[in-house]
Amino acid sequence: MSVAEFDTRKLDRLTCREREVLRNLARAEPNRALARRLGIAERTIKAHITSVVRKLDLDSRLEATLVSVQHREALTQDSIAS
């Protein structure tokens with residue numbers, strides 16, 4: 001599956017924190033910076049990214065970042081609805 005064919009309904013599989021991490025992947029920051037930004041441990045960021053990649057049926061952090069960029073509006077709406 002290519003990122004262009006991504007089904008945004010898969011975003012419903014994510015927890016609120018996982019969606020927050022996914023939205024922040026678009027910043028292209030290293031895990032340490034993301035952890036500081038979100039006030040959690042770097043190890044926790046790694047765990048969330050792994051979970052996001054798995055739940056969205058993606059192959060890598062890069063694909064997750066592309067989903068974050070391409071589907072920013074859907075991710076933002078999810079955070080408003082939560």
Exercise. Got a sec, which residues hit side-chain contact (heavy atoms from CB on, under 4.5 Å) with Ala33, two or more places apart in sequence or on another chain?
Worked result: Glu29, Pro30

Problem set entry | Neighbour count >12 (heavy atoms, 6.0 Å) for atom CZ, Arg32 | no

Exercise. To the nearest 0.5 Å, what is the distance between CZ (Phe6) and NE2 (His71)?
Worked result: 6.0 Å

Problem set entry | Flag, side chain of Thr50 to backbone of Lys46, donor-acceptor distance under 3.5 Å | yes

For this session: Kindly write out the residues that satisfy salt bridge (charged side-chain N to carboxylate O under 4.0 Å, His left out) with Arg27, not counting sequence neighbours, or none if the list is empty.
Result: none

Problem set entry | Counterpart residues, salt bridge (charged side-chain N to carboxylate O under 4.0 Å, His left out), relative to Arg72 (two or more places apart) | none

Problem set entry | Minimum-distance pair of heavy atoms, taken over all atoms of Ala35 and Ala41 | CB-C, 3.8 Å

Problem set entry | Verdict with supporting geometry, Arg17 and Leu38, side-chain contact (heavy atoms from CB on, under 4.5 Å) | CA-CA 9 Å; Arg17 186 59 124 176; Leu38 299 177; 4.0 Å; yes

For this session: Just do the side-chain contact (heavy atoms from CB on, under 4.5 Å) check on Leu34 and Ile40 with the steps written out, would you?
Result: CA-CA 8 Å; Leu34 288 174; Ile40 57 179; over 6 Å; no

Problem set entry | Atom pair CD1 (Ile45) and CZ (Arg36), whose distance is rounded to the nearest 0.5 Å | 11.5 Å

Exercise. If every non-hydrogen atom of Ala64 is compared with every non-hydrogen atom of Leu22, which pair is closest and at what distance?
Worked result: O-CD1, 3.2 Å

Exercise. Got a second to check how far Ser60's OG is from Leu58's CG, nearest 0.5 Å?
Worked result: 7.5 Å

Exercise. Is the shortest side-chain N to carboxylate O distance from Arg19 to Asp12 below 4.0 Å?
Worked result: no

Seminar exercise, completed: Output for pair (Thr8 OG1, Leu75 CG), nearest 0.5 Å, gives 9.5 Å

Exercise. How far does CG of Asn31 sit from CZ of Arg61, to the nearest 0.5 angstrom?
Worked result: 4.5 Å

Exercise. Looking at side-chain heavy atoms only, is the closest gap between Arg13 and Asp57 below 4.5 Å?
Worked result: yes

Problem set entry | Stepwise side-chain contact (heavy atoms from CB on, under 4.5 Å) test for Asn24 and Arg37 | CA-CA 9 Å; Asn24 279 280; Arg37 177 180 304 287; 3.1 Å; yes

For this session: May I have the step-by-step check of side-chain contact (heavy atoms from CB on, under 4.5 Å) for Val21 and Leu14, ending in yes or no?
Result: CA-CA 10 Å; Val21 169; Leu14 304 178; over 6 Å; no

Exercise. Do Arg23 and Glu20 sit within salt-bridge range, that is, some charged N less than 4.0 Å from a carboxylate O?
Worked result: no

Problem set entry | Atom pair CG (Leu25) and NE2 (His48), whose distance is rounded to the nearest 0.5 Å | 11.5 Å

